[in-house]
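As structure tokens, the structure follows; a few thoughts come after it.
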Amino acid sequence: MATISLKGLNKVYPNGFHAVHDLSLEVQEGEFMVLVGPSGCGKTTVLRMVAGLEDITSGDLRIGERVVNDIEPKDRDIAMVFQNYALYPHMTVADNIGFALKLRKLPKDEIRKKVEEAAEILGLTEWLDRKPKQLSGGQRQRVAMGRAIVREPSVFLMDEPLSNLDAKLRVKMRAEVRRIQERLGVATMYVTHDQIEAMTMGDRVAVLRDGRLLQCDTPQNLYEFPVNQFVGAFIGSPAMNLYQGELFDGGRSLKIGSQILELPEVVHLKKPTLMSYSGKGVTVGVRPESLKAASTSTTPGTVLSVQATLVEALGSELMVHFSFDAKVVKIEDIQDDEEEILTGSGEGVARIDPSVSVKAGDKLKFEVETEHLHFFDPDTGLSIY
Amino acid sequence: MAVVAEVAPVVANTRNRNGRRDVHTSRQARIGWMFSTPALIFVGMVTIFPIVFSVALSLSNVSVTGSGFALQGFTFSNYSQLVHSSTWRYALGFTVIYTVVTVLVELVLGTAIALALERLTKGRGLMMALLLLPWSIITVISAELWQYIYEGTYGVLQAIFQALGLGAPVFLGSPTSAVVSMMVADVWKTTPFVAVIVIAGLVMLPGDVYEAAACDGASAWTIFWKITLPLLRPTIAIAVLFRILQAFGVFDLPFVLTGGGPGTATTSLAILSYKVMFQNIDYGPGAAVAVSATLLVVLGCLAFLRVFKAQVGREEIQ
């Protein structure tokens, strides 16, 4: 069992495109590390460099104590699960899983035993004689995992293995993959573009953008203490609402649009540097979860008056899309193009209790959990702590 | 090769509750027939009719008169003549051996070339164009070119051999060497055809399967035998099928290169049929030879498709 250590990895393609910049990361023994980020951020490139399927332009890659930069994939003691499974179409499930063992010239009965064990863990025992084309997507994904498991490697590398499955199956398989990895205790690097997958599966999550590592931390820390507005908006669903705001009155008051929120003492205790932004503009981040329907017991100074533009009833909560006269700060890569069309100026999303009666067009008041507000430098985007 | 796993029904059930097809489908069908009929008539005239007529000829006594020919009676005598003819038996044997040898050699060479070309990233287009030159030259012309090369007294090879002091070899003059020379000319011309089909199959193979194999620890040799070749089976099956169809009816190459000689050494079934029909003006037996050749091709293809049914038209690579 080994660790993975990336130190200052760079990847520059022949056409000059610098895909990965000085990336340093460590994966501990038995750890489930998720690489997450928008499309094109370089996460798959990093994974492929660890696998040996892409050359490393500069930097050191260690698996265990060995520097493996120039070692062939088959000698790195890794096993990879591909996004499209890459199963051998002409071989049965049993042959697919046992192929690597056959290549290592293990005796036939030992191969069969190991294949049957893996099939048992994955629930594939009755499918061992089928060919991949006779299997469903979820079953093929499990065969791909079986192929990786049976090799008993030091490291698992998984490239978006669940992205081709339907939503319900994906949720089920998330738990399965994690359960299997925990049982085997193998250090794993898992790539996904889905931040929900990242948050639910990872021991630690590394957020990448444009080939750079922005932040690597536990899911909870990423959620509570994002290093910049990109990480803040990327983690959490629906995304954090970001507005232009202005601090004044010694930092005790925040103006968003034409409304004013009072910031309690605890905000300044948690974020000491915020004071220095008094009289200046800041970017304010309000998570949808931090908004509640205002009631009679709401503290004045934490109220935001908005107009609801769309209400989505999910059963367990209401997603209220709202607008008011604040200026929205948009970040690329956070929203799909379709969402951009819907989000006009000053629009945001709130998650509130389903018992609140509100419909599109209604005016309503939110209570803002001001102690959970996030603040970012308007020029650099870095979090203000 | 991504070939559809099952052929879906081409026309959905379009009958309405009265059992009549709806107006739209009827109209579409009528338009279809309208446009297809001229082509069908033409194909029928040029293909079906000669086949049927040849079969009729082969089963009758055909007498040739000054003003044409006449079919008289129904008989199998043309076919019994064939079976007892050593020339026909030789032509049959020669055609079969010729097909087997050339197809095998072209398959091996063509696949090797395809594998080599597939690795080229730059210049692949140019190499393929060069590769296809032999295939693109009309057979009659290339046969003439090979004649110049093989010619007994003034040929190119003669000049080379003499310059090297290796004496005066015979190529087209003796039976065995004529057969081999013809096979060489055929392989030169047709290997590109096989190579191109195999390349098309190769580029369609899923790339990530190879990466998985690399991670699993497969050497290049293992990858070729255990992954590439099995996945190429449908493509190779198609190429071999085409080649068998072509090779069984080989005519233009021997006709121009050797005229079927020396003697009857390179007389294929097609050449024999031509000679009997148009040189000996023996229509009955000539037609019988042609029909026998056709029957053999059909049987050969059916046998082939039987064996490779799983490969051709049914295999799906996801």
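Each chain gets a letter, A, B and so on, in the order its sequence line appears, and its residues count up from 1.
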| query | What residue in R151(A), K102(A), Q83(A) has the most heavy-atom pairs under 4.5 Å with chain B? | reply | R151(A)

| query | So which of R104(A), E72(A), R147(A) has the biggest tally of heavy-atom pairs under 4.5 Å with chain B? | reply | R147(A)

Looking at [X], I'd like to know if its [atom1] atom is crowded, meaning that more than 12 non-hydrogen atoms belonging to other residues, nucleotides or ligands lie closer than 6.0 Å.
X	atom1	result
R174(A)	CZ	yes
F251(B)	CZ	yes
E120(A)	CD	no
D75(A)	CG	yes
R179(A)	CZ	yes
L299(B)	CG	yes

| Rounded distance (nearest 0.5 Å) linking atom CG of L101(A) with atom CG of D216(B) | 8.5 Å

| query | Which distance, rounded to the nearest 0.5 Å, do you find between the CZ of F99(A) and the OG1 of T222(B)? | reply | 6.5 Å

| said: Test your reading of the model: is there a side-chain donor-acceptor pair from H90(A) to the backbone of K226(B), 3.5 Å cut-off? | reply: yes

| field | Shortest non-hydrogen contact between M80(A) and C215(B), atoms and distance | value | CB-SG, 4.2 Å

| message | Which heavy atom of P73(A) sits nearest to which heavy atom of A214(B), and what is that distance? | response | CB-O, 4.2 Å

| field | Engaged part of K131(A) at the chain B interface, taking heavy atoms whose separation is under 4.5 Å | value | neither

| said: Given heavy-atom pairs under 4.5 angstrom as the criterion, report whether the side chain, backbone, both or neither of R76(A) touches chain B. | reply: neither

| task | Could you check if a side-chain atom of Y85(A) sits within less than 4.5 angstrom of a side-chain atom of V209(B), using non-hydrogen atoms only? | result | no

